[in-house]
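Take a look at the structure below.
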Amino acid sequence: MEFLSDLIFFFLALGLIFWLVVFLTGVVGAWFLRRRIKKMQRHFEQQFGAQAGADNPYCTTRTGDGISVEDRRSSKEAQQKIFAPDEGEYVEFTEE
């Protein structure tokens, strides 16, 4: 009879250990999943946050007269000089 009670105790302990391992695996798995989701969220915020300014391709400026001027150039083109490559940047002149 003692053997039977020891066997029942063994299986109960084994079952308890099994469910404890399942519970801990779930908690650790949920923690890793949450951590991974937060990391992906930060990555997407950095990636799309940098592109937030690129959503509006046009830059609108108002003059003092109230006239609106819309610049349709890309930001890279807008930062470049406006004159053609064959034109000089400086005007040569002689003093009289």
Besides Leu33, the hydrophobic cluster formed by Ile, Leu, Val, Met, Phe, Trp and Tyr side chains linked at under 4.5 Å, directly or via other members, contains Ile37

Only pairs under 3.5 Å count here: list side-chain donor-acceptor contacts from residues 2-31, not counting sequence neighbours, and write none if there are none.
| from | atom 1 | to | atom 2 | distance (Å) |
| --- | --- | --- | --- | --- |
| Ser5 | OG | Glu2 | O | 2.9 |
| Thr25 | OG1 | Val21 | O | 2.7 |

The side-chain contact (heavy atoms from CB on, under 4.5 Å) partners of Arg62 (sequence neighbours excluded) come to Ser68

side-chain contact (heavy atoms from CB on, under 4.5 Å) test vs Lys38 passes for just one of Arg34, Arg36, Arg35, namely Arg34

